[in-house]
Asks: 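Pasting a structure below so you can have a look.
Numbering starts at 1 and runs along the sequence shown. Values reported hereafter were calculated over all heavy atoms of this structure, with side chains retained and with hydrogens, waters and symmetry mates removed.
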Amino acid sequence: MAVLEGARRTTLAFGRRALGLDVPAADHTIAVLHRDESEVPGLDRKELAQLHWIRLMGATGTVLMAISALGIGAQPVHQNPTSGVRVLGIFARAHTGSLAMCMVGTVIVVLAWLLLGRFTIGRIGGSPLHRLTRSQLDRTLLLWIIPLSVAPPLFSNDVYSYLAQSEIAARGIDPYQEGPVDGLGIDNVLTNNVPTIWQKTPAPYGPLFLWIGRGIAELTGDNIVLGIWVHRLLALAGVALIVWALPRLSVRCGVAPVTALWLGAANPLVLFHLIGGVHNDALMLGLMLAGLEFCLRAIEDTHPFDGRAYAWMFGGAVVITLGCLVKATAIIALGFVGMALARRWGLSLRNVAISAAMLGGIALVTILFVSSASGLGFGWLFTINTANAVRSWLSLPTVIGIITGFGGVLLGLGDHTTALLFITRPIAAVAAGFVTLRMLMATSMGRLHPVGALGVAFGAIVLFFPVVQPWYLLWAIVPLAAWATQPVFRIPAISFSAVVSLVVMPRGAEFEVFQIVGAAVATVIVTVLFIVLTRNVLPWRAPRVQPTGQVVAHGAAA
């Protein structure tokens, strides 16, 4: 009995330790990702001149990308507005030149973004001597967004799936049962633009997105170009919500708003994929972050917790759930809101249960209403994993399965990749679930701010997700931009954002190896020459002096 009792105590102690229940706050390793940022003066005259050139540099890059998209963007198979046009059509015939132009533009935008970081985060691990203002960052971001907003889709064909699935819904057919081929027919102009792999696949998106899409389909009909632009307006609305919510969340975490916006909204992944690629992740993230801000107004800003607080909480939970009805992953944010709310009420199992019941009830009613009012039902719950058929190089469990399977082929054991993926992906799902649970516990005990804990949980989910697209990295980077300030986060986040933005190829043409190599060589030459010519104009070298004296954290009283 003594042995069993000792084993029970050891197991219990290990479980509590694993969940973070018995970890002192000072030893909580995730908490070291955050440090309050200091207030610093605005830019001086020299830095304002440098900001002007950085702004024009980024705008030039996005213009080059927009022009190159006329040739190598994801142009529609039918109704291509540049087809047969004497001047504009030349880009489609000069693939190598268009690819080089796109690569040069991409590199210029990424470099401009990194240079802009001089005036937001300064050196990694330190504070900038001066920091640009919110209005200066907003004008820069707007200038960089405009060219990509009017360009053909880049880096993705997903918008054509949106159009086809929306048209299926507009015809009264269930998009969760029928793919574009079965719902519209193989000869339909919308079907022909959908990538072959998805032509027979039902929609994996939530009913809110397809409800909006159905309205777009009824408005634009078979006009593909108009449909693309309206969907891009939807993506821009999502980015606008991100820009609205992110600085407000960052102030709650003691982080400079322009720092959070630089990493989370001006990020090249946002520009290239959410806007250029017209992805609905922009709307999902925007609704999730806006709803989180509403909920935190109830939890952190109202004393006592009165009717106004309940109104903010109700509205925030509804908005987060609407984000889930675009893409299901947004619902995770409600868990962190629930733990923060339970802590506000006084942490106990009873308050956790009440919080979960209240937020779960709000989410359930919202889901029932949208699913019923839209007439789309609940088929989306069974098609969420549709994309798992893709083998993504950014997914850790998928890469491990593929590499191990390839090793088996080399050893003469046969190709067991599919079988290995059935092993690695469930293990990865358990690991992601454990990290998420750990972050929920840290939130409930006040060791982590819910914004930071949510970002860490999303980081684990993306890392262990069976399919990871480049823009999925934003699920973690955007919320963490409002909380995590230390080099251990920022260096990987900046590096991944820059590298992934540079290596993803446009989707509008098939390229030969010699074309890619030639375009890459031209890009390197142009980039080196540009850096040499601007070495005295742009801040390629960071200032060595760090500010001293008393500092005040953002969001704190002076």
Side-chain angles (χ1 to χ4, degrees), residues 66 68-85 88-95 98-99 102 150-205 209-235 273 275-280 376 379-380 383 386-387 389-390 467 469 471 504-512:
S68 70
L70 297 173
I72 58 172
Q75 294 272 45
V77 176
H78 302 290
Q79 302 180 20
N80 187 337
T82 64
S83 180
V85 179
L88 298 180
I90 192 173
F91 297 100
R93 297 190 295 273
H95 282 173
S98 295
L99 179 60
C102 184
V150 298
L154 275 164
F155 307 113
S156 176
N157 302 85
D158 282 3
V159 67
Y160 299 113
S161 294
Y162 301 165
L163 292 173
Q165 292 157 0
S166 299
E167 177 62 22
I168 291 172
R171 294 186 180 188
I173 304 170
D174 187 354
Y176 301 120
Q177 293 290 333
E178 307 287 351
V181 168
D182 297 326
L184 302 178
I186 189 66
D187 296 325
N188 185 275
V189 293
L190 298 178
T191 301
N192 290 339
N193 286 286
V194 177
T196 304
I197 190 176
W198 306 123
Q199 286 190 350
K200 296 184 178 181
T201 304
Y205 309 113
F209 179 70
L210 289 184
W211 195 6
I212 297 172
R214 185 170 67 192
I216 294 174
E218 292 172 351
L219 174 67
T220 62
D222 289 338
N223 190 321
I224 297 173
V225 174
L226 183 58
I228 291 171
W229 278 351
V230 178
H231 271 281
R232 181 166 272 149
L233 286 176
L234 197 61
H273 295 285
I275 298 173
V278 203
H279 285 292
N280 59 9
L376 294 168
W380 61 284
T383 62
T386 296
V390 176
V467 177
Q469 301 291 357
W471 54 95
V504 177
M505 297 292 291
R507 296 287 182 89
E510 297 292 334
F511 302 107
E512 301 292 339

Asks: Looking only at heavy atoms, which two atoms of His273 and His279 are closest? And how far apart?
Replies: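 Closest heavy-atom pair between His273 and His279: O-CD2, 3.0 Å.
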Asks: In the structure I gave you, are the side-chain heavy atoms of Asn188 and Pro180 within less than 4.5 Å of one another anywhere?
Replies: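 Asn188 vs Pro180: side chains apart.
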Asks: Enter the distance from Trp471:CH2 to Asn280:CG here, rounded to the nearest 0.5 Å.
Replies: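 It comes to 10.0 Å.
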Asks: Under 3.5 Å, is there a donor-acceptor pair between the side chain of Thr191 and the main chain of Ile186?
Replies: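 Not a single qualifying donor-acceptor pair exists.
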Asks: Can you give me the closest heavy-atom contact between Ala203 and Tyr176, atom names plus distance?
Replies: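 Taking Ala203 first and Tyr176 second, the nearest heavy atoms are O-CD2, 3.2 Å.
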Asks: Of Val159, Leu163, Ile224, Asn157, which meets side-chain contact (heavy atoms from CB on, under 4.5 Å) against Pro76?
Replies: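 Testing Pro76 for a side-chain contact (heavy atoms from CB on, under 4.5 Å) against Val159, Leu163, Ile224, Asn157 leaves exactly one candidate, Ile224.
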Asks: What orientation do Tyr205 and Tyr162 show, parallel under 30°, tilted 30 to 60°, or perpendicular over 60°?
Replies: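 Answer is perpendicular, since the angle exceeds 60°.
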Asks: What is the distance from atom CG of Leu190 to atom CD1 of Ile168, rounded to the nearest 0.5 Å?
Replies: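 That separation rounds to 9.0 Å.
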Asks: Find out whether Ile216 and Ser166 are in side-chain contact, i.e. whether some heavy atom of one side chain is under 4.5 Å from a heavy atom of the other.
Replies: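 Sidechains of Ser166 and Ile216: no contact.
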Asks: Locate the shortest heavy-atom distance separating Pro506 from Cys102; write the atom from each residue and the value.
Replies: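 Closest heavy-atom pair between Pro506 and Cys102: CG-SG, 3.8 Å.
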Asks: In Å, rounded to the nearest 0.5 Å, how long is the span from OH of Tyr160 to NE2 of His231?
Replies: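 Rounded to the nearest 0.5 Å, the OH-NE2 separation comes to 11.5 Å.
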Asks: Measuring from Gln469:CD to Ser156:OG, what's the distance to the nearest 0.5 Å?
Replies: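 Rounded to the nearest 0.5 Å, the CD-OG separation comes out at 7.5 Å.
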Asks: Which value, rounded to the nearest 0.5 Å, describes the distance between Leu376 atom CG and Trp211 atom CH2?
Replies: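 The CH2 atom of Trp211 is 8.5 Å from CG of Leu376, to the nearest 0.5 Å.
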Asks: Scan Val181, Asp182, Asn193, Leu184 and name whichever one has a side-chain contact (heavy atoms from CB on, under 4.5 Å) with Gln199.
Replies: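 Running side-chain contact (heavy atoms from CB on, under 4.5 Å) over Val181, Asp182, Asn193, Leu184 with Gln199 returns exactly one hit, Val181.
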Asks: Answer yes or no: does atom CH2 of Trp229 have more than 12 heavy-atom neighbours from other residues, nucleotides or ligands under 6.0 Å?
Replies: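 No.
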Asks: How far does CD of Glu178 sit from CD of Gln165, to the nearest 0.5 angstrom?
Replies: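 If we round to the nearest 0.5 Å, Glu178:CD and Gln165:CD are 12.5 Å apart.
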Asks: Taking the side chain from Arg214 and the backbone from Arg171, do they hold a donor-acceptor pair closer than 3.5 Å?
Replies: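 No, the answer is negative, given that no donor and acceptor are paired below the 3.5 Å cut-off.
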Asks: Between Leu70 and Pro152, is any pair of side-chain heavy atoms under 4.5 Å apart?
Replies: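 Result yes, sub-4.5 Å side-chain heavy-atom pair found.
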